[in-house]
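Heads up, the thing below is written out as structure tokens.
Letters A, B, ... are given to chains in the order of the sequence lines, protein chains preceding strands, and every chain is numbered from 1.
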2 protein chains.
Amino acid sequence: MYLRTLLEVQAEAMTTISSERLAELAGVNAAKVRKDLSYLGSYGTRGVGYDVDHLLVQMSRELGLTRDWPVAIVGVGNLGAALANYGGFGDRGFPVAALVDADPSKVGTMFGGHKIRDLDDLPALVEELGIAIGIIATPAAGAQEVADRLVAAGVTSILNFAPAVVTVPDHAQLRKVDLALELQVLSFYGQRESIGASLREELGVSAESKESVG
Amino acid sequence: MYLRTLLEVQAEAMTTISSERLAELAGVNAAKVRKDLSYLGSYGTRGVGYDVDHLLVQMSRELGLTRDWPVAIVGVGNLGAALANYGGFGDRGFPVAALVDADPSKVGTMFGGHKIRDLDDLPALVEELGIAIGIIATPAAGAQEVADRLVAAGVTSILNFAPAVVTVPDHAQLRKVDLALELQVLSFYGQRESIGASLREELGVSAESKESVG
DNA sequence: CCGACCTTGTTCGTTTGTTCACAAAGTCCC
DNA sequence: GGGACTTTGTGAACAAACGAACAAGGTCGG
């Protein structure tokens, strides 16, 4: 998040930035910014702030963003296809290097400039293309097996879009994005609001207005 | 998450479930399950567990999932188009009811069965279609304005896919999904692993093998 | 009807994460 | 060159989340 903010700051030709300003832009507390940045080392200058360029270099290095990380998308259904077409990954250093599916009728066909490969080809793909990250975009039922096969093939970073609990060995990293879950959380607040609204209506009370925290 | 797990459990024709089993399936601690479920009320039976059907009803009601929540996708670029085509939202009670874009050359054209509407139409769409949730899939630069206009139009729940810090008034709810950020986090661990691997190689130490926490 | 057994609901100590507050360090103007 | 001012880095206070442990409540077999 800091990285993204710093890139914007850099684009505005600012050479240094204070923790306070960075906190404001990133939407967090200034003390937290300083504590977080201190893990990189003491790169700030008291009385001045942090050198934007230097911070960006250090941060990119620490985050491993000085090289590209080829990703494989497993599951070329609705979501997988959508993600494959979405250009945002490649732009940010995560080129989609392979598409994989278990469905024999899909394997061998082209999609978005890639020939869809079989799940069994995973080890070869890792070897040939240096796949570092696997994206699971299969139905929930197949997610765990795909994860297992990704790990077996040597992929140690997995991003799971399938709405299922998936576990991996400790040496592998797993993150999950559950789109429906996010909407359900919003639905929860929407629900509470509806209840609040009908209650207020019933009681003839006007809604309180709150100020944004920024 | 519990809801999803319970639906699977229900599909297997189990009528009751213990906090321990539910915890295992959901990948969390049993005490946490009991604490979480206790917010719904005391729906468990000591010595037996929780009634799956009853829990599902209570939970769906509490989460506001007993009705559909129409969503509007703002920004029909790569990501917006991908999300619009992805059927997963509708299946889960969040039908895509409208597509909105600021680009005049897109407005009026059809996409995935919807005529793309102008940003200015938002208040009317909220009125006509009962849009409850707005999904921001624009470039980062436009995200804040879209959020402001969604809120102004009466949408109080927003899911932001744009890689930008967006703020909303306190009465509105905002959640964000940053796909590139997730990959960057994975890259960080991948990077550490690479460093670890080269260090170990240099020192002639073999990698430690860790057991999964399950 | 009773005792053995199971599972919930909740308390409480522990850990983790965030924020405040301030000394140390450095800049900048006169 | 010196003093006023700014900003970092971090120790200590505060807050939130987690998980172990256990009493209370309930089932079930005999």
Side-chain angles (χ1 to χ4, degrees), chain A residues 1-3 5-6 9-10 12 14-59 62 165 167 170 173-176 181 185 188-189 211-214, chain B residues 1-3 5-6 9-10 12 14-59 62 165 167 170 173-176 181 185 188-189 211-214:
Chain A
M1 249 173 41
Y2 297 143
L3 189 88
T5 307
L6 285 170
V9 167
Q10 189 185 45
E12 288 167 22
M14 296 182 184
T15 58
T16 64
I17 188 167
S18 70
S19 60
E20 191 125 7
R21 182 89 183 99
L22 182 51
E24 194 187 330
L25 293 173
V28 299
N29 181 283
K32 188 169 190 327
V33 169
R34 292 198 293 275
K35 196 158 280 189
D36 287 344
L37 295 188
S38 76
Y39 285 109
L40 295 172
S42 283
Y43 293 136
T45 306
R46 297 172 189 216
V48 178
Y50 298 87
D51 184 277
V52 175
D53 288 354
H54 188 230
L55 212 49
L56 275 170
V57 169
Q58 296 300 330
M59 215 177 262
E62 188 72 19
V165 175
T167 62
D170 261 18
Q173 295 300 324
L174 175 74
R175 293 186 67 84
K176 72 162 203 278
L181 191 83
V185 172
F188 169 65
Y189 289 109
E211 197 51 46
S212 163
V213 273
Chain B
M1 247 174 42
Y2 297 142
L3 188 88
T5 307
L6 286 170
V9 166
Q10 189 186 45
E12 287 166 24
M14 297 180 183
T15 58
T16 64
I17 189 167
S18 70
S19 60
E20 192 126 7
R21 182 90 184 98
L22 182 50
E24 194 187 331
L25 293 173
V28 298
N29 181 282
K32 189 171 190 327
V33 170
R34 294 199 292 276
K35 194 165 287 184
D36 288 344
L37 295 188
S38 76
Y39 284 108
L40 294 172
S42 282
Y43 293 135
T45 307
R46 298 175 189 216
V48 178
Y50 299 87
D51 183 278
V52 175
D53 289 353
H54 188 232
L55 212 49
L56 275 170
V57 169
Q58 296 300 330
M59 214 177 265
E62 188 71 20
V165 176
T167 62
D170 261 17
Q173 295 300 322
L174 174 75
R175 292 186 69 83
K176 72 163 202 275
L181 190 81
V185 172
F188 169 64
Y189 289 110
E211 196 52 47
S212 164
V213 275

Legend entry - Residue whose closest nucleotide on DNA chain D lies nearer the 5' end, A:Gly44 versus A:Gly47: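 Of the two residues, A:Gly47 wins.
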Inset, instruction - For A:Lys35, enumerate each residue passing the salt bridge (Lys or Arg N to Asp or Glu O under 4.0 Å) test, keeping only those at least two apart in sequence or located in another chain. - result: none
Inset, instruction - Using salt bridge (Lys or Arg N to Asp or Glu O under 4.0 Å) as the criterion, list what pairs up with B:Asp36, not counting sequence neighbours. - result: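 If we apply the salt bridge (Lys or Arg N to Asp or Glu O under 4.0 Å) test to B:Asp36, skipping adjacent residues, the hits are B:Lys32.
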Inset, instruction - Check every strand shown and say whether A:Tyr39 touches a base, only sugar-phosphate, or nothing at a heavy-atom separation below 4.0 Å. - result: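 Nothing: the residue A:Tyr39, judged by heavy atoms under 4.0 Å, touches no strand.
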Suppose we screen for side chain to side chain contact (heavy atoms under 4.5 Å, CB included). Which residues come up paired with [X], at least two apart in sequence or across chains?
X: B:Val48; value: B:Thr16, B:Thr45
X: A:Met59; value: A:Tyr2, A:Leu3, A:Leu6, A:Leu37, A:Leu40, A:Leu55, A:Leu63
X: B:Arg175; value: A:Glu182, A:Val185, A:Leu186, B:Leu159

Legend entry - OP1 or OP2 of C:dT7 under 4.0 Å from side-chain N/O of B:Ser19: no
Inset, instruction - Heavy atoms only: give me the nearest A:Gln10-A:Val52 pair and the separation to one decimal. - result: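 Closest approach of A:Gln10 to A:Val52: CB-CG1, 4.0 Å.
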Tell me which donor-acceptor pairs under 3.5 Å the side chains of residues 19-31 of chain A have, and how far apart each pair is, sequence neighbours excluded?
residue : atom : partner : partner atom : Å
A:Ser19 : OG   : A:Arg34 : NH1          : 2.9
A:Asn29 : OD1  : A:Ala31 : N            : 2.7

Inset, instruction - Check if the side chain of B:Arg46 and the base of C:dT8 share a donor-acceptor pair of N or O atoms closer than 3.5 Å. - result: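 Yes, the side chain and the base share a sub-3.5 Å donor-acceptor pair.
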Please list, for nucleotides 15-20 of chain C, all pairs of protein and nucleotide N/O atoms separated by less than 3.5 Å.
residue : atom : partner : partner atom : Å
C:dT19  : O4   : A:Lys35 : NZ           : 2.8
C:dC20  : OP2  : A:Asn29 : ND2          : 3.2

Legend entry - All ring pair (Phe, Tyr, Trp, His ring centres under 6.0 Å) counterparts of A:Phe188, not counting sequence neighbours: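 Checked A:Phe188 against ring pair (Phe, Tyr, Trp, His ring centres under 6.0 Å); zero matches.
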Inset, instruction - Using chain A heavy atoms and a threshold of under 4.0 Å, write down where along DNA chain D the contacts begin and end, 5' to 3'. - result: D:dT6 to D:dA12
Inset, instruction - In whole angstrom, give the distance that lies between atom CG of B:Leu40 and atom P of C:dT8. - result: 14 Å
